[in-house]
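Notes follow once the structure below has been shown.
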Amino acid sequence: MRCIIAFSLLLIIGCVQPKEETMADKRKITFMSLDPGHFHAALIHKSMYPHVDSTVYVFAPPGDELKDYLGRIDSYNSHPQNPTAWKIEAYVGTDFLDKMISQKPGNVMVVAGKNDQKIDYIMAAIQNGIHVYADKPLVINREGYGKLREAFVLAAQKDLLLYDIMTERFEIGSMLQRELSMNPEVFGELVEGTLEEPAITKESVHHFYKQVSGKPLVRPDWFFDVRKQGEGLVDVTTHLVDLIQWAAFPEQTLDTADVQMLSAKRWPTPLSIEQFQQVTGKTAFPEYLKNDLQGDTLQVFGNGELHYTLRGKHAKVSVTWDFQAPEGGGDTHFSIMRGSKAELIIRQGTEQAFKPTLYIRLLEGQEKALEDAIRIAMQTRYPGLDLEKLSNGEHQILIPDEYHVGHEAHFAQVTEKFLEYFLEGKMPAWEVPNMLVKYHTTTRALELAGNHP
């Protein structure tokens, strides 16, 4: 039976019908969005893609999160510049997972939100022959990690892709830092480092209240339940641990035995009821958060720090959540890679106008090698790059504004990479093992720090 549901702003909303796949459909990608509880689910639709059907099949429970998702896609469709042309067919009901499995109108499940349930959604999709394109984190505890290992085994048996959305690999500062670290004339080799002075450090600061697509972000109240969203040690750190693996051991296959956890800690960000209302629109803390209150203040364990070694190289990861960024600012990233010949430093503060900026501190005076790397070798891939020597002796890479595309644009870039893998029918050999190493690292850190009560 087909039913039509009235929903403001969108033209096509309905109960979807199953369709038979033909041989011609094998390389055609059709997205099914399952329970889109996080705004990242909509951000991948800010662009259109070749080989992707313009109809998105949505399976979700009723509520504000679905309305927000649909409203965002409608805003992309009606944007005055480069509007998209997505059509939405939605099944709305509490049995949304069962309906997606039984009807299966698409071949790729997109899932973002409710991180405690995500691995069960992933396993259900894989068991039923559906590829998975999922927002991070895939899992938020050791139990979930065990299920993830099983999901990857089953996905390999069924020739399915299971891939997480690592947007930060497409940030220009991180890309240039990685490329320079692979230049032995400039960087030398990554040092082993120490606990006090790690070989590689990744730190980020995020904010509960911020703008997304030009509008204040409204977060669901469950976002502040770390049992559902995940603590800081297993959420944002997923990106940072991924960047360490990706930069320090590019395109190399890692193993969980390569990880030695040294220490981990966690601490809360206090949130007043006024701040909670500002970011959620809710006038009171829900009952399930009452145990997280200290007096009248919600304690959100979004902050964490971990120290570990990866193949003997010391690494530090730190994530902090503040309520709101300073005027003109946003989420920030700091990183340093220490080589035997140079240190590569990413800063993103007021001085950098909150744009990730790469600095090089030469240890052996190899300026000619650095100039050749920037002005000759890297110019072919990134035209317009330049180099400036600063008064403190560091060098700054001058990055044209066109490369600072912003966090939202990275979703299209990583989606294009996933689609490339889909069309090739496989991912690079290192991707799956390294995803397992990544989630082993984050969930082991949470275990070491002590789970939320």
Side-chain angles (χ1 to χ4, degrees), residues 2-5 7 9-36 38-60 66 69-79 82-93 96-113 121-122 124-126 128-135 155 158-165 408-427:
R2 182 175 182 80
C3 60
I4 301 297
I5 302 172
F7 222 112
L9 301 178
L10 291 206
L11 299 178
I12 305 175
I13 310 276
C15 296
V16 301
Q17 300 297 315
K19 66 178 183 180
E20 295 184 7
E21 184 180 59
T22 67
M23 288 302 294
D25 292 328
K26 293 293 185 181
R27 295 294 90 187
K28 183 73 173 178
I29 299 103
T30 302
F31 287 138
M32 299 184 297
S33 187
L34 184 74
D35 190 12
H38 194 285
F39 69 94
H40 288 176
L43 280 180
I44 70 167
H45 298 296
K46 202 170 180 180
S47 301
M48 304 294 293
Y49 311 94
H51 306 291
V52 175
D53 195 306
S54 61
T55 298
V56 180
Y57 297 90
V58 181
F59 295 85
L66 176 61
Y69 170 83
L70 296 174
R72 289 183 188 279
I73 294 182
D74 181 72
S75 72
Y76 303 149
N77 281 348
S78 58
H79 198 277
N82 301 316
T84 54
W86 298 107
K87 297 181 288 292
I88 302 295
E89 291 207 20
Y91 174 84
V92 182
F96 55 91
L97 177 61
D98 291 338
K99 278 294 189 293
M100 184 193 76
I101 296 303
S102 63
Q103 297 182 357
K104 205 160 75 172
N107 52 3
V108 175
M109 179 185 76
V110 176
V111 61
Y121 293 162
I122 289 170
I126 295 295
N128 289 276
I130 300 168
H131 302 272
V132 175
Y133 184 48
D135 190 35
K158 291 178 170 286
D159 197 25
L160 296 170
L161 298 188
L162 166 51
Y163 194 61
D164 60 355
I165 300 175
E408 294 184 27
H410 296 326
F411 281 85
Q413 292 172 310
V414 70
T415 301
E416 287 165 355
K417 178 58 67 175
F418 170 76
L419 298 176
E420 175 187 320
Y421 292 162
F422 185 97
L423 294 172
E424 291 176 354
K426 62 179 180 180
M427 295 187 287

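Both backbone and side-chain heavy atoms feed into the values below; hydrogens, waters and symmetry mates do not. Since the model is a prediction, treat every value here as computed from it, not as a measurement.
Here the side chains of Leu43 and Tyr76 are in contact, with some heavy-atom distance below 4.5 Å. Looking at heavy atoms from C-beta onward, Arg72 lies in side-chain contact with Phe39 at the 4.5 angstrom threshold. Two residues are said to be in side-chain contact when any heavy atoms from C-beta on lie closer than 4.5 Å; Thr415 and Ile165 fail this criterion. A 4.5 Å side-chain heavy-atom check between Asp98 and Phe59 finds every atom pair outside the cut-off.
Contact detail for Leu66 and Ala60: the closest heavy-atom pair is CD1-CB, 4.0 Å. Shortest non-hydrogen contact noted between Ile130 and Ile101 is CD1-CD1, 4.1 Å. Between Thr30 and Asn107, the shortest heavy-atom distance links the atoms N-OD1, 2.9 Å. Taking every heavy atom of both residues into account, His131 and Leu161 meet most closely at ND1-N, 3.0 Å. Shortest non-hydrogen contact noted between Met100 and Pro105 is O-CD, 4.5 Å. Between Met32 and Gly106, the closest heavy-atom pair is SD-N, 3.3 Å.
Distance alone, capped at 3.5 Å, is enough to place a donor-acceptor pair between the Lys104 side chain and the Asn128 backbone. Proximity of a side-chain donor or acceptor of Asp164 to a complementary backbone N or O of Ala134 within less than 3.5 Å is not detected.
In this view, Tyr421 and Tyr163 satisfy the ring-ring contact (aromatic ring centres under 6.0 Å, His included) rule, not counting sequence neighbours. Taking Gln413 as the reference, His410 meet the side chain to side chain donor-acceptor pair (under 3.5 Å) condition, with sequence neighbours excluded. Judged as a side-chain contact (heavy atoms from CB on, under 4.5 Å), and not counting sequence neighbours, the contacts of Thr55 are Asp53, Tyr57, Lys87, Glu89. Residues passing the salt bridge (charged side-chain N to carboxylate O under 4.0 Å, His left out) test with Asp135: none are found, sequence neighbours excluded. Take Phe418 and apply the ring-ring contact (aromatic ring centres under 6.0 Å, His included) test, not counting sequence neighbours, and it matches Tyr133. Residues that satisfy the side-chain contact (heavy atoms from CB on, under 4.5 Å) test with His79, not counting sequence neighbours, are Gln81. Applying the ring-ring contact (aromatic ring centres under 6.0 Å, His included) test to Tyr121 and every residue at least two apart in sequence or in another chain returns nothing. Under the side chain to side chain donor-acceptor pair (under 3.5 Å) criterion, Lys417 pairs with Glu420, sequence neighbours left out. Under the rule for a ring-ring contact (aromatic ring centres under 6.0 Å, His included), the partners of Phe31 that lie at least two apart in sequence or sit in another chain are His45. The side chain to side chain donor-acceptor pair (under 3.5 Å) search around Thr84 returns Asn77, not counting sequence neighbours.
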Evaluate the criterion side-chain contact (heavy atoms from CB on, under 4.5 Å) for residue pair Val132 and Leu160; output intermediate values, then yes/no.
CA-CA 8 Å; Val132 175; Leu160 296 170; over 6 Å; no
side-chain contact (heavy atoms from CB on, under 4.5 Å) evaluation trace for Tyr69 with Asp35
CA-CA 10 Å; Tyr69 170 83; Asp35 190 12; over 6 Å; no
Residues Ile44, Val414; criterion side-chain contact (heavy atoms from CB on, under 4.5 Å); working and verdict:
CA-CA 9 Å; Ile44 70 167; Val414 70; over 6 Å; no
Pair His51-Leu419, side-chain contact (heavy atoms from CB on, under 4.5 Å): steps then yes or no:
CA-CA 8 Å; His51 306 291; Leu419 298 176; over 6 Å; no
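Here Leu97 contributes atom CG and Ser102 contributes atom OG; the two are 9.5 Å apart, rounded to the nearest 0.5 Å. Here the CZ atom belonging to Phe422 is positioned 11.0 Å from the NZ atom belonging to Lys28, to the nearest 0.5 angstrom.
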